[in-house]
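Letters go in sequence order (proteins before strands), and every chain restarts at 1.
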Amino acid sequence: MTTVDPPAAGKKAAHSPSEMNHLAGKYMTFKLAEEEYGLEILKVRDVIGLMEITKVPRTEDYIRGVINLRGKVIAVVDLRLKFGMAPTELSDQTVIIVVQLVRDGKEFTMGILVDEVLEVLDIGADQIEPPPDFGNQGMETDFILGVGKAENRVIILLDIGKALSPGNAETVR
Amino acid sequence: MTTTTKTKSPRKGKAGAALRETLLKETGAYVFATDAKGRILFWSAGMEEITGRSMKEMEGKRAWQGFFEEGGKTPIHSAILSGLVEKEEAFSWEGSKEYTFTAKPVFNEDKSLAGVVAHLEPKPLNKLAEQAMNNLNNLPTPVLQIDRDFNILFLNKKGCEILGVDQDSLKGRKCYELFKTTHCRTPKCCCARAMDTGSQATDETVVDPSGINMDIRYTGAPVKNDKGEIVGALEYVLDISDQKKALNEIVTVAEGLASGDLNVQMSTDLKGDFKTIADNLNQGICAQRNMLREIVTMAEKLASADLTVRLKGDFKGDFKIIADNLNHAIETQHEDMTKIFETFQQITAASKQVTTSTESTAQGASEQASALQEVSSALEQISGQTKQNSDNTQEAKALAQSTQEVANKGSEGMKLLLDSMHKIKKSSDETSSIIKDINEIAFQTNLLALNAAVEAARAGDAGRGFAVVAEEVRNLALRSKEAANKTEQLIALSTKLAQEGVQVSQDANENLREIVDSISKVKDLVAEIAVASQEQACGVEQINKAISEMEKGVQEAAGNAQESSSAVQELAGQTQELFSMVAKFKLDRKTPEVVSPQVKPMRPGTPACGAKPPAKKSVEELIPLDEEEDFEDF
């Protein structure tokens, strides 16, 4: 795990193997449905247990509502819904990962609802593959940084900023 | 007879009226006269004689007022009325002879009726005399008339015949010359006596003892003339020689009979009544003799026990009655003997059967006794078994009791087990919640470790060591989570097992309860069995008593059977003796009317006993011995 130096965070993803170097580093992995996803650790602000989510009217469906995180109200996104899956069923493993993003030069915090948080994983460059080519299917795959491989597992490494950008994720399917 | 000559109508003479009247009066003629009114003027002595009324009585009375018919229609009455001679033949009055009654009217010179002369004349006197004379001559017995000097005046034909003289040659002969009786010329002569005394005499003597030698009875009667002087004698003789002979024979026979000699007999040449007497006597003696012979024969046969004998002669009168009675007596006896014979046969048969029955009764009694012995021993075994049963039942009872206690204890233990299980479940539940807490803590710790790792990553190199610690913490959290999960699983398993254990112990408890219930029932049943065994023992005891009494009874019955067997034997022997006595009697089986119809005639040669009784059927009919059971009641 500590064999590879983690790449500098915030660097733009490239599809060349040489570009994979900058993708190497620590990822917080979690589960959505049966799949394992990775999230750049530096984007993670906090991991909290499930708490009461207050619904906000006239918002997108994938917006589950808002929570009060130590006095700061943040939105919680149901990533499953954002990714076109069935809504998250709350369990004792359900957690909210609080991420800190920069959009349009402005920092904001947002919670994402995931089925289960797994671990903080150090992924080397050699363990990362570029996002797969789906041909000219018009598929937007830029919210995927790459695909990490660890012990036969496949971890989809997300660019969570792009994944959460409005109008983007819905077209993933 | 002699009167007839005297009583002729009076002679008319020249005597005076008084004399005439006296004559008339004294005449023996039956004459009387009446006046024109029928009043009696004259009533002759003859009338007095035949009517028993005197002239004095009758004078002046009407003839019919005296003794003739009252208001009588005598010829006198008729003559007065008619003036003609009236006559009535066979006139009579009460008790009188018959007379010819002639009434002749007498007229005066002026032709007026002067009176009636009546004349009664006995019915034809002359004819009677002639006939009498004739009869006298033809009389079968000698009749003799002599004068006072014993000169024969008349000897009838029979007399002549006996004496062997001619009737015409008798004149001038003396009677004693002819008859030469022992009385002749003695004062014993009845004729002499009659002539001396004027009254008749009768005696017996013998005519001509050296010649004719005839026994006679003779009567001498005086003969008087019209003046009543004895002029001779009339003698009539009866030949009594036959009588004498017969009487002598009768005397002999009577003497013989008196001395019990029945071989006497009267001679058969007797005559008249004596012949009849002799015949009858002979017949009677013969009948007696025959009867006696038959009776003797019969008595001999009866003495040799022959009851078939009968008097078969043609007896008469009392003999017939005697014969009938004797026959009847013997027949009755025969009948009785036949019946007795029959009865003895039946008794013999019956006693044989009784003997057989008694023997079988005795046998049955002894069999019964041995059967009772077997029953008794079987009962003893039963008794022992019953006692053992009782003991076993007691044991079973105790076992059931202890089993119940054990089961109760088991049930209590099950209850405790159930409680423990419940407690286990409860503590498992509590442990589960603790595990949840641990899980929660592990989850939170994991989150904390992750957050620490995030912080360490932010810290860059400076946070590298911290990241390691965070990683270790996270690992610990994961491990504790895993341990908690495992514990949870184990707890869940033990909870499940505990649950199952609860179920099982509940089932076991239920089963135990059922066992307890069953055992309680078993206990009750065993108690009942114990009581029943007790009762059974009692019953067996009673049966034992009854059996021993029965044994006594059977013993007694066997004894009785033995006794009655010997008694029957004795009876059979006596019957046999009696029967052989009865069998001596000879009975006639060819006279079925003697034997009663339902009894078969018996064979004379039939042995009394031992052989099959000939009247088998009637025995069975008379004494129904159909089943032996009847005899077992003895």
Response to the item:
Correct closest heavy-atom pair for Val95(A) and Phe443(B) would be CG1-CZ, 3.2 Å
Practice prompt. Answer yes or no: does atom CZ of Arg45(A) have more than 12 heavy-atom neighbours from other residues, nucleotides or ligands under 6.0 Å?
Written response: no
Response to the item:
Those residues of residues 96-105 of chain A that come under 4.5 Å of chain B on a heavy-atom basis, listed by number, are Gln100(A)
Practice prompt. Tabulate, in ascending numerical order, the residues of residues 453-462 of chain B having at least one heavy atom closer than 4.5 Å to a heavy atom of chain A, or enter 'none'.
Written response: Ala453(B), Val454(B), Glu455(B), Ala457(B), Arg458(B)
Under 3.5 Å, side-chain donor or acceptor atoms of residues 534-549 of chain B against the rest of the protein: list the pairs with distances, not counting sequence neighbours.
unit_1, atom_1, unit_2, atom_2, d
Ser548(B), OG, Lys545(B), O, 2.6

Item to complete: Check whether Leu118(A) gets within reach of chain B through its side chain, its backbone, both or neither, counting any heavy atom under 4.5 Å.
Response: backbone
Worksheet entry | Residues of residues 472-487 of chain B contacting chain A, heavy-atom criterion under 4.5 Å, by residue number | Arg474(B), Lys481(B)
Worksheet item: Closest heavy-atom contact between Met28(A) and Leu450(B)?
Response: CE-CB, 4.0 Å
Worksheet entry | More than 12 heavy atoms of other groups within 6.0 Å of Lys425(B) NZ | no
Worksheet entry | Close side-chain approach of Asp46(A) and Asn451(B), heavy atoms under 4.5 Å | yes
